[in-house]
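Bear in mind the structure is a predicted one, so any value in this text is a computation, not a measurement. Excluded from the calculations below are hydrogen atoms, water molecules and symmetry mates; all remaining heavy atoms, backbone and side chain alike, are included.
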Amino acid sequence: MAPENKNRATAAAILPLVGGARNIDSIAHCMTRLRLGLKDRTLVQDEALKALPAVLGVVEDDTYQIVLGPGTVARVAPEFEALTAEEVSRLPVAAEELADRGAELKAARKARNATPFKLFLRRIANVFVPLIPALIGCGIIAGLNGLLVNLGWLTGLTPALAAIASGFMALIAVFVGFNTAKEFGGTPILGGAVASIIVFAGVAKITVFGQTLAPGQGGVLGALGAALLAVYVERWCRRWVPEALDVLITPTLTVLIAGLVTLYGLMFLAGEVSTGIGHGANWLLDNTGAFAGLVLGGLFLPLVMLGLHQALIPIHTTLIEQQGYTVLLPILAMAGAGQVGCAVAVYLRARKNESLRSTIKSALPAGFLGVGEPLIYGVSLPLGRPFVTACVGGAAGGAFVGLFSMLGDKVGSTAIGPSGWALFPLLQGNHGLGTTVAIYAGGLLTGYAVGFLATYYFGFTRQSLTDLNATSAPTEPATPKAMEPAPS
């Protein structure tokens with residue numbers, strides 16, 4: 001079967017199991033998940049959906065999220081959108097009652113599960129998540145270019161590769177501004193216009209607080225603040241400017257007011273904050289690396305469960321913009337290594353539970369590549385103790401990487417999103433690629449080993465182990481609600 005037919009077949013299999021086109025409000029996707037806004041959650045056939053070969057798991061949050069894995073989701077999502085549009089075009093006009101009921105259920109669920117702080121973090125994440133594919137692509141090209149330069153190969157090509165890898169990062173502030181305005185209800189192009197001031201070379205002629213501004217000063221944080229300000233200025237203009245003059249005055253005042261505040265305030269302030277983040281991350285790992293790695297690697301999965309990991313996305317992006325890589329992501333990726341080691345231990349301990357062992361066998365390959373949802377929500381979290389021992393494995397791997405940072409060997413990632421083995425092409429450090437890869441690989445092996453040993457020996461009580469092996473009948477645990485993890 002051709003790849004496009006395979007992807008269309010996957011989409012066609014999913015559509016009726018989520019209630020059909022009539023039940024869908026919105027369709028989007030991130031690195032690993034197809035995200036659906038549903039009108040009536042009760043129409044979804046969860047068990048049949050999870051039984052599809054292409055589906056790695058499901059997560060319910062503000063949207064219904066179907067885990068398909070990196071690469072696959074980017075190909076299935078367009079096919080799913082096309083099939084949904086085709087089905088909608090054939091539907092009779094009606095279903096108002098069903099739509100109203102679905103909207104009420106969705107609103108009630110959001111009211112129960114969302115807090116203002118988590119909603120704000122989610123919106124900030126929505127600004128940066130669409131940038132991840134470009135960060136990954138440019139990051140891999142930058143790594144390849146660095147390798148070629150170090151080896152002295154293809155000297156005629158390396159300048160072109162450097163330009164390709166660096167172009168996006170040079171203008172990332174513009175994309176952040178565009179996405180910020182779009183996410184917060186403004187005109188996207190105005191957000192991008194205001195944010196573009198930050199990267200304009202001419203700002204070097206402007207002096208603020210006794211200091212000359214530098215192009216790019218404030219980076220993505222400055223762009224975020226500038227675009228947010230533009231949104232509020234635009235809203236104010238829409239309320240007070242006469243309709244006949246709106247097309248002339250509103251964009252002019254929005255760019256002018258937000259632009260002046262950006263130049264004479266936000267760029268300086270955001271620049272100080274960005275510098276502080278860079279210095280803070282380096283100081284933390286230089287002076288408390290092993291302990292910091294232990295804490296970050298051990299607590300990342302709970303942060304994911306609480307939705308607080310989304311606050312790290314702007315920090316990762318700021319570090320990449322400043323230093324060329326984020327030193328935090330390889331440490332946080334150790335949480336996935338602990339999860340893999342935990343799953344192998346559960347597989348060996350649950351010898352008579354064929355259903356659970358089958359789930360682990362199908363989910364482990366994705367786990368090695370950094371897609372942890374199937375193992376978290378299908379294995380460790382429902383079992384309880386293994387989730388804790390998986391965190392112990394992540395803490396050990398994080399401490400390993402953090403220790404080498406204290407010794408002067410920094411390990412970073414040139415992009416956010418992947419983890420596990422998928423992070424190897426994006427690794428970069430301060431002492432050569434070989435050293436960086438070896439340290440990261442050592443961290444993964446440590447996470448695997450400690451996650452395995454902690455789970456094997458401390459992950460079960462005698463009674464829980466007896467219950468786990470009491471029957472081989474399928475007893476899949478209910479999928480818990482959870483926030484989306486980092487671009488892992």
Exam field: side chain Arg123 to backbone Glu183, donor-acceptor pair closer than 3.5 Å: yes
Contacts table for residues 136-150: side-chain donor-acceptor under 3.5 angstrom, sequence neighbours left out:
from	atom 1	to	atom 2	distance (Å)
Asn150	ND2	Gly146	O	3.2

Close side-chain approach of Asp46 to Arg41, heavy-atom, < 4.5 Å: yes
Test item: Thr10 side-chain N/O and Lys6 main-chain N/O as donor-acceptor pair under 3.5 Å: yes
Straight-line distance of Gln428 CD to Thr326 OG1, nearest 0.5 Å: 12.0 Å
Sub-4.5 Å side-chain heavy-atom contact between Leu427 and Tyr325: no
Let me have the donor-acceptor pairs involving side chains of residues 241-250, under 3.5 Å, with sequence neighbours excluded, atom names and distances please.
from	atom 1	to	atom 2	distance (Å)
Asp246	OD1	Arg238	NH1	3.0
Asp246	OD1	Thr250	OG1	2.6
Asp246	OD2	Arg238	NH1	2.4
Thr250	OG1	Asp246	O	3.4

Steps toward salt bridge (charged side-chain N to carboxylate O under 4.0 Å, His left out) verdict (Arg8, Glu86): CA-CA 13 Å; Arg8 191 170 183 86; Glu86 291 173 13; 3.0 Å; yes
Minimal non-hydrogen separation, Tyr440 against Ser419, with atom names: OH-C, 4.0 Å
Minimum heavy-atom distance Ser380-Gln339, with the two atoms named: OG-OE1, 2.5 Å
Considering all heavy atoms, the nearest Pro418-Leu426 contact: CG-CD1, 3.7 Å
Acceptor/donor pairs from residues 172-182 side chains to any protein atom, 3.5 angstrom cut, sequence neighbours excluded:
from	atom 1	to	atom 2	distance (Å)
Asn179	ND2	Val127	O	3.0
Thr180	OG1	Val176	O	2.6

Worked verdict on Cys237 versus Val233 for side chain to side chain contact (heavy atoms under 4.5 Å, CB included): CA-CA 6 Å; Cys237 290; Val233 173; 4.2 Å; yes
Heavy-atom side-chain proximity of Leu312 to Leu332 below 4.5 angstrom: yes
Residue pair Phe80 / Ile66, side-chain heavy-atom distance below 4.5 Å: no
Thr72 (side chain) donor-acceptor with Gly69 (main chain) under 3.5 angstrom: no
Gap separating the CD atom of Glu79 from the CD1 atom of Ile14, nearest 0.5 angstrom: 11.5 Å
Intermediate values then yes/no, side chain to side chain contact (heavy atoms under 4.5 Å, CB included), Val327 and Val411: CA-CA 6 Å; Val327 291; Val411 176; over 6 Å; no
Flag, side chain of Asn23 to backbone of Asp40, donor-acceptor distance under 3.5 Å: yes
Residues in salt bridge (charged side-chain N to carboxylate O under 4.0 Å, His left out) contact with Glu321, at least two apart in sequence or another chain: none
Tyr232 OH: over 12 foreign heavy atoms closer than 6.0 Å: no
Ser274 (side chain) donor-acceptor with Gly271 (main chain) under 3.5 angstrom: no
Leu263: partners by side-chain contact (heavy atoms from CB on, under 4.5 Å), with sequence neighbours left out: Ile197, Val203, Ile206, Leu213, Met267
For residues 281-289, dump all side-chain donor-acceptor pairs below 3.5 Å to protein atoms at least two apart in sequence or in another chain.
from	atom 1	to	atom 2	distance (Å)
Asn282	ND2	Gly278	O	3.2
Asp286	OD1	Lys410	NZ	2.7
Asn287	ND2	Trp283	O	2.9
Thr288	OG1	Leu284	O	2.7

Salt bridge (Lys or Arg N to Asp or Glu O under 4.0 Å): pairs with one or both residues in residues 161-172, sequence neighbours excluded: none
4.5 Å side-chain heavy-atom contact, Leu135 and Thr414: no
Residue pair Ala422 / Leu369: nearest heavy atoms and the distance that separates them: CB-O, 3.5 Å
Salt-bridge contact Arg22-Glu87 (side-chain N to carboxylate O under 4.0 Å): no
Summary of ring-ring contact (aromatic ring centres under 6.0 Å, His included) pairs that have at least one residue in residues 199-228, sequence neighbours excluded: Phe209-Phe268
Contacts of Leu269 that satisfy side-chain contact (heavy atoms from CB on, under 4.5 Å) - sequence neighbours left out: none
Stepwise side chain to side chain contact (heavy atoms under 4.5 Å, CB included) test for Lys50 and Val58: CA-CA 7 Å; Lys50 288 188 283 187; Val58 296; 3.9 Å; yes
Any side-chain heavy-atom pair of Thr63 and Leu36 under 4.5 Å: no
Passing candidate, side chain to side chain contact (heavy atoms under 4.5 Å, CB included) with Leu17, options Leu43, Leu52, Val44: Leu52
Phe387 side chain near Cys391 side chain, heavy-atom distance below 4.5 Å: yes
side-chain contact (heavy atoms from CB on, under 4.5 Å) against Ala74, all qualifying residues, sequence neighbours excluded: His29
Leu296 CG to Leu329 CG distance, which is reported to the nearest 0.5 Å: 11.5 Å
Straight-line distance of Thr32 OG1 to Leu56 CG, nearest 0.5 Å: 8.5 Å
Closest approach of Thr207 to Tyr264 (non-hydrogen atoms, all atoms of both residues): O-CE2, 4.3 Å
Any residue meeting side chain to side chain donor-acceptor pair (under 3.5 Å) with Thr187, in chain and number order, not counting sequence neighbours: Glu234
Approximate separation, where rounding is to 0.5 Å, of Leu171 CG and Ser196 OG: 9.5 Å
Selection residues 128-138 - residue pairs positive for salt bridge (Lys or Arg N to Asp or Glu O under 4.0 Å), sequence neighbours left out: none
Side-chain ion pair, Arg33 and Glu60, N-O less than 4.0 Å: no
Residue pair Phe424 / Leu444, side-chain heavy-atom distance below 4.5 Å: yes
Full working for side chain to side chain contact (heavy atoms under 4.5 Å, CB included) between Leu221 and Val273: CA-CA 8 Å; Leu221 297 182; Val273 173; 3.8 Å; yes
Test item: Ser413 side-chain N/O and Pro330 main-chain N/O as donor-acceptor pair under 3.5 Å: no
Side-chain donor or acceptor of Gln217 paired with backbone N/O of Ala214 under 3.5 Å: yes
Taking every non-hydrogen atom, the tightest pair across Val129 and Pro133: O-CD, 3.9 Å
From Ile416 atom CD1 to Thr317 atom OG1, the distance as rounded to the nearest 0.5 Å: 4.0 Å
